[in-house]
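Remarks on the structure that follows.
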Amino acid sequence: KKYQLELKFCDKVLSELLKPKYSHFAWPFLQPVDPVALNIPTYYSVVKKPMDFGTIRTKLDQGEYENAKEFENDVKLVFQNCYKFNPGNDPIHQSGKSLEAIFDSEFSK
Ligand SMILES: Cc1ccc(Nc2c(-c3ccc(O)cc3)nc3c(C)cccn23)cc1
């Protein structure tokens, strides 16, 4: 029961991040990266632990996070994977930075 309140906060932050007003930043991260569709065959050799906000939403709804830390770790994984694979000047990299700033601001409220 102890972590219920924490996870309710995580749900609130995730819902905010997935709102249409942020979709111009969030769109590359809403679903698992499809290396075939994107023609990036090296993806799974570069990114050991793929993660995306659709998967995070499912894990949260299925009660797969024990606490806020586990949720935060998956969110940070989305961004770390993005920075590993998308060069600094790439629009996808910039979108990740913008969305991460929004996450950090919401998650520290
Ligand atoms: C050749 C090339 C270079 C970069 C990309 N990045 C990229 C990514 C991506 C997101 C997260 C991530 O951890 C890695 C990649 N998602 C996309 C999408 C949805 C459309 C176009 C480009 N996209 C795609 C192809």
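Order of appearance sets the numbers: ligands from 1, and atoms from 1 within every ligand.
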Is there side-chain contact between Phe9 and Val13, with heavy atoms separated by less than 4.5 Å?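 Sidechains of Val13 and Phe9: in contact.
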
Can you name the atoms of ligand 1, numbered from 1 with element, that are less than 4.0 Å from a heavy atom of Asn81?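 With Asn81 as reference, the close atoms of ligand 1 come out as 13 (O).
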
With a cut-off of 4.0 Å, which atoms of ligand 1 are near a heavy atom of Ile40?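 Atoms satisfying the 4.0 Å criterion: 1 (C), 2 (C), 25 (C).
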
For ligand 1, is any non-hydrogen atom under 4.0 Å from Val47's backbone (N, CA, C, O), its side chain (CB onward), both, or neither?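 Near ligand 1, Val47 shows nothing, with every heavy atom at 4.0 Å or more.
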
Go through it in stages, so that I can follow the logic: the residues are Glu16 and Lys21, the test is salt bridge (Lys or Arg N to Asp or Glu O under 4.0 Å), and I'd like the CA-CA distance, side-chain angles, deciding distance and then a yes or no. CA-CA 9 Å; Glu16 181 66 17; Lys21 65 180 173 181; 2.8 Å; yes

Would you say Asn73's side chain and Lys76's backbone share a donor-acceptor pair under 3.5 angstrom?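 Answer holds: no.
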
Is a donor on one side and an acceptor on the other found under 3.5 Å between the side chain of Glu6 and the backbone of Ala68?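 Yes; at least one donor-acceptor contact below 3.5 Å.
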
Which residue and heavy atom of the protein sit nearest [atom], plus the separation:
atom	result
atom 11 (C) of ligand 1	Val33 CG2, 3.6 Å
atom 23 (N) of ligand 1	Ile92 CD1, 3.6 Å
atom 8 (C) of ligand 1	Leu38 CD1, 3.9 Å
atom 19 (C) of ligand 1	Trp27 CZ3, 3.5 Å
atom 13 (O) of ligand 1	Tyr43 OH, 2.9 Å

Taking the six-membered ring of Tyr83, is NZ or CZ of Lys97 closer than 6.0 Å to its centre and within 45° of its axis?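 Yes, Lys97 lies over the aromatic ring of Tyr83.
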
Under a plain distance cut-off of 3.5 Å, with no hydrogens placed, do Asp61 and Thr58 share a side-chain donor-acceptor pair?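 The criterion, which ignores hydrogens and geometry beyond distance, is not satisfied for Asp61 and Thr58.
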
Shortest reach to atom 6 (N) of ligand 1 by a heavy atom, considering only Asp34, Leu30, Asn86: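 Residue with the shortest heavy-atom distance to the ligand atom: Asn86.
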
Contacts of Ser105 that satisfy side chain to side chain donor-acceptor pair (under 3.5 Å) - sequence neighbours left out: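 Checked Ser105 against side chain to side chain donor-acceptor pair (under 3.5 Å); zero matches.
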
